There are 2 protein chains.
Amino acid sequence: MTDNGKGPRLDRRGFIGGAALGSAALIGMSGQALAQTGGAAHPSGPRPSGSPQVDFPDDPRAFGGGPASARNRTEMDQRDCEVEGDWPTDLDGAFYRVGPDPQYPKPEAYIGDIPFDGEGHVSMFRIQNGHVDYRTRYARNARFVAQAEARRSLFGMYRNPFTDDPSVAGLNRGTANTQLFLHHGKLLVFKEDSPPVVMDPLTLDTLDPEYTFGGKLESQTHTAHPKIDPATGGLIGFGYEATGFLSKDINVYEADRDGNIVWSVTVAAPYAGMMHDFCVTQDYIVLYLVNMVADENRIRAGGVHFSYDSRTPCYMGVMRRGGDGRDLKWLVGPNLFCTHVMGGWNEGTKITVDMDGGEGNQFPFFPSLHEPYDPVKGTGYIRRFTVDMASRSNDRFQAETIFPEVQGVLSRQDDRFHTLPYRWGFLQVTGPNGGWAVLDHRLGTSKVLSVPGYQLSEMTFVPRRHDAEEGDGYLIGLGSSMAEAGRSDLILFDLADTDGGPRARVKMPYRCVGQVHGFWADARDIPGASAA
Amino acid sequence: MTDNGKGPRLDRRGFIGGAALGSAALIGMSGQALAQTGGAAHPSGPRPSGSPQVDFPDDPRAFGGGPASARNRTEMDQRDCEVEGDWPTDLDGAFYRVGPDPQYPKPEAYIGDIPFDGEGHVSMFRIQNGHVDYRTRYARNARFVAQAEARRSLFGMYRNPFTDDPSVAGLNRGTANTQLFLHHGKLLVFKEDSPPVVMDPLTLDTLDPEYTFGGKLESQTHTAHPKIDPATGGLIGFGYEATGFLSKDINVYEADRDGNIVWSVTVAAPYAGMMHDFCVTQDYIVLYLVNMVADENRIRAGGVHFSYDSRTPCYMGVMRRGGDGRDLKWLVGPNLFCTHVMGGWNEGTKITVDMDGGEGNQFPFFPSLHEPYDPVKGTGYIRRFTVDMASRSNDRFQAETIFPEVQGVLSRQDDRFHTLPYRWGFLQVTGPNGGWAVLDHRLGTSKVLSVPGYQLSEMTFVPRRHDAEEGDGYLIGLGSSMAEAGRSDLILFDLADTDGGPRARVKMPYRCVGQVHGFWADARDIPGASAA
């Protein structure tokens, strides 16, 4: 980008972009591609003023920056994708994914915004009879529609309404870019600062830009990581900053299998900070507050929503399901920066929660208040938290690192075992020999599934059949071919036979839109998806 | 692809595809990537029988073959593409493109089919107020719909109905994959073996899978290269094999600016062979029959429609416009294999036609009857044909090679100068230093516009304004970045100032669907495209 009297002239030196920024690098939070730009940095030169052009920065540290292939921004339909290998023809369902994909470049003042402020772009691989159809659509919520009409960015920094264009004051700022669930026939697309967006699970048309469970959702926000209770089919979710921007209130609710909210309680957190995931057991709700604090002064100064404050403790909050919330206890332990729950359960009053986390900040793109980002301290391990709520001295929880040979992020399990004791866990292993770790909690063994030459996104477990036993099925997820400028394959490992590599793959002609998380839905649960 | 008892197992050696087959290689007919496979060759191993999977061959010589990125098959919508450089904000219109993009792999028997039998995938860059929106849709004609419903290929070899699945006997075999024109408010998409498909010029929805100008088109076929008479706005087209498969009949028609056919005449060719383009002057129709012959015996044996027969003469056919066709004269000259018309005009009875062509076969993927493909003889030059129809001895036309310093294919002009004397011609220059040649017929000079590191597809001239003088405007077309696995840019050269390279470009995140030809339509001519 240049700036001269007659407008920007093509810089031929920049005509060939550099190496592509992989979505895996984004999600894997490598800390190299994504510098600490939150709040103030303007890593690219000035944007030409008055130009109507959509022109993203070349600098990969800037919001939406990097070579053209770092973005996607394209709604796609591919019928009958190319399939290679022994694809299981009895698999019938949909693999959904969502991630941030910047709708517009930010104005210069907000070019240091973080990647997770991109608008939510949903993709679906519809799988049936050995055929695979691919579709992507943006979540057309209030923010997306307003910007589409204006043909420019109107929302400023990540979760900072003080930086918005006056024309969108008061509008829902949600990006719907983090995770999605199929529940009571609806595809719910989540961003933790706002209620879910409902999309049609087959057309991906946006049906409700701000879903409140029929007006019954008491929270103004909703986690990206609700849980499904396999015993009831109910959905348990929560929202933090539930009663307003920067509030300490947390709302926790349970909806039955038909989406009727049957329990809702609002409690208070020790401070306003990030609560990305939570754990639900058969009897308990386990909240986890990390020391990524939300401070109004720093936000009003134009920064992003969170800052990492290593001097503030992390808290685990435990309360009974179905109660009035007054039993909530906030416990402390080793100050671990944990993000995702692999699984958890309780036996009587004894609670076990497995999360991935590091000793320090795992999100280098958020400002760090007291020390520079430390990639070693940020390295994620599986942390097993235990607490006995019957103990009179339960102001602390215990933590141990399990599977210390495995380092990674984005832990998952067989989603049918939310709330229950579980055997199989999965983790995205970071680093050059990355892949998908398969953890056997019963035997204490682990292995890593990788594909030479490929970077893998988060894995999702797919049951072989809807009633298969725990862990009997597949791991599915996107792989990015490093030798082909990041071209994507949908990779399918059969967990019953992983030695020969992937059982099959869907070969995409291009790099697919990136994701944060993915979700598998069985066709039995998708309205209108009856077998052909 | 492997074949064993339990079905195809992923071949990990093949997991990373080889170098991508560029669309430019396809269109540029390099003869290296595309071997002579027409008719019988089975370059890939056997396909697994009974598998419902869509799996294209790895061999780039096979139909639809090569790495995954060699195909596209994806209907896309990108609003507000990224624009870099000094994009002219007063440009208002649409750049349309079309090319073959195989809907399904062929069954094993037809794996040697030629690339030009892929189904027509139309793309549009809608350009207005400095914003660029990208959209692609397949032409949903009878063939596409039948195959989409069956989820497999039903049509066999290129223009060979004897190789079709019985379920589609008698169905229009057209692929709508060669060129498109906007005329009387309709986007007409052409394949020379069938009537045009009509698509909505903004939504790209298919409106008429077999357009016959209100039932008035007498030909069963329609060229991909009609011409517009700038004096009247009328459309002049023709069809060969007009009265039936392999017939020698040629129908020539003229429709007025509203699409009413006002002249139609059917004449006979010396033999059934390829007539890809033609020339229209103010007073004459000039047909050109090349010795790519259609022989029923070879077709019935399962081959493609054409074979190159160097021992058969090429013919130029000349007749008056608006007559009864009895004045048609077939002339011979040097036996040049010419494909596209750059321009042509007449002064009284003296006719000049400029075509690009070689001394021998330019289409190496068609079988050659008497000698192997010779890339030197296939090299294209601009051939200027002249004939005086007043001469009593006009059984021959004269030919000279002009601009011998320029070698290429896909000649074009400022389309507003069809039928008229013209100054500016354009040619896609083949070879490693390829680009877009700009030919000044008045001064006899030429220059080649290229973009280092990029392979360019066919160029299309865009007038600076609808009433700009001839050649005052831009060359537009797709470029494929070799360092980025073929990622596409829409390249815009300003013909008033080409020294600094492209004036601007649209940076696409991926390799766009390939094209044969492109067409520029001014917004004034597009229904519903009024300025925002």
Side-chain angles (χ1 to χ4, degrees), chain A residues 1 6-10 12 15-17 20 51-56 67-87 89 103-104 129-132 134 148 151 451-454 481 483-487 489 500-505 507-511, chain B residues 1 6-10 12 15-17 20 51-56 67-87 89 103-104 129-132 134 148 151 451-454 481 483-487 489 500-505 507-511:
Chain A
M1 297 185 301
K6 63 178 289 202
R9 181 80 186 178
L10 193 58
R12 300 191 71 185
F15 205 68
I16 301 175
S51 164
Q53 288 181 198
V54 173
D55 188 4
F56 284 90
S69 58
R71 300 163 289 281
N72 180 288
R73 305 178 66 246
T74 306
E75 297 181 314
M76 300 191 179
D77 281 284
Q78 185 184 168
R79 187 172 158 89
D80 263 320
C81 300
E82 189 172 1
V83 176
E84 190 167 286
D86 182 23
W87 189 271
T89 54
Q103 186 184 5
Y104 285 100
N129 297 327
H131 292 273
V132 179
Y134 178 66
R151 282 188 177 267
V451 183
Y454 278 69
S481 168
E484 297 170 274
R487 192 190 59 73
D489 283 339
R503 172 167 163 168
R505 61 171 174 157
K507 295 159 67 179
M508 302 300 285
Y510 32 71
R511 177 201 208 92
Chain B
M1 298 185 301
K6 61 177 291 199
R9 181 80 186 177
L10 194 59
R12 299 191 71 185
F15 206 68
I16 301 176
S51 165
Q53 288 181 196
V54 172
D55 188 4
F56 284 89
S69 58
R71 299 163 288 281
N72 181 287
R73 306 177 64 245
T74 306
E75 295 181 316
M76 300 191 178
D77 281 283
Q78 185 184 168
R79 186 173 160 89
D80 263 320
C81 301
E82 190 173 358
V83 175
E84 190 167 286
D86 182 22
W87 190 271
T89 54
Q103 186 184 5
Y104 285 100
N129 297 326
H131 293 273
V132 180
Y134 177 66
R151 283 187 176 269
V451 183
Y454 278 69
S481 168
E484 296 171 275
R487 192 189 59 72
D489 282 340
R503 171 167 165 168
R505 61 172 174 156
K507 296 160 66 179
M508 302 299 286
Y510 33 70
R511 177 202 208 89

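Worth knowing before you read on, the calculation uses all heavy atoms, side chains too, and leaves out hydrogens, waters and symmetry mates. Owing to the predicted nature of the structure, the values given are computational and were not obtained by experimental measurement. In what follows, chains carry the letters A, B, and so on, assigned in the order in which the sequence lines appear, proteins first and then strands, with residues in each chain numbered from 1.
Atom CZ of residue Arg511(A) and atom OG of residue Ser69(B) lie 13.5 Å apart, to the nearest 0.5 angstrom.
Residues Arg487(B) and Tyr510(A) have side chains not in contact (no heavy-atom distance under 4.5 Å, counting atoms from C-beta outward). The shortest distance between side-chain heavy atoms of Arg79(B) and Arg151(A) falls below 4.5 Å.
If you measure heavy-atom distances from Tyr104(A) to chain B, the contacts under 4.5 Å come from the side chain alone.
The backbone N or O of Ala68(A) sits nowhere less than 3.5 Å from a side-chain atom of Glu82(B) that would complete a donor-acceptor pair. Under a 3.5 Å cut-off, the side chain of Gln53(B) and the backbone N or O of Gly85(A) do form a donor-acceptor pair. A donor-acceptor contact shorter than 3.5 Å links the side chain of Arg73(B) to the backbone of Asp80(A).
Among all heavy-atom pairs drawn from Asn72(B) and Pro509(A), the shortest one is O-CG, 3.4 Å. Glu84(A) approaches Asp55(B) most closely through the heavy-atom pair OE1-OD1, 3.9 Å.
Among the candidates Met508(B), Met76(B), Gln103(B), His131(B), the residue making the largest number of heavy-atom pairs closer than 4.5 Å to chain A is His131(B).
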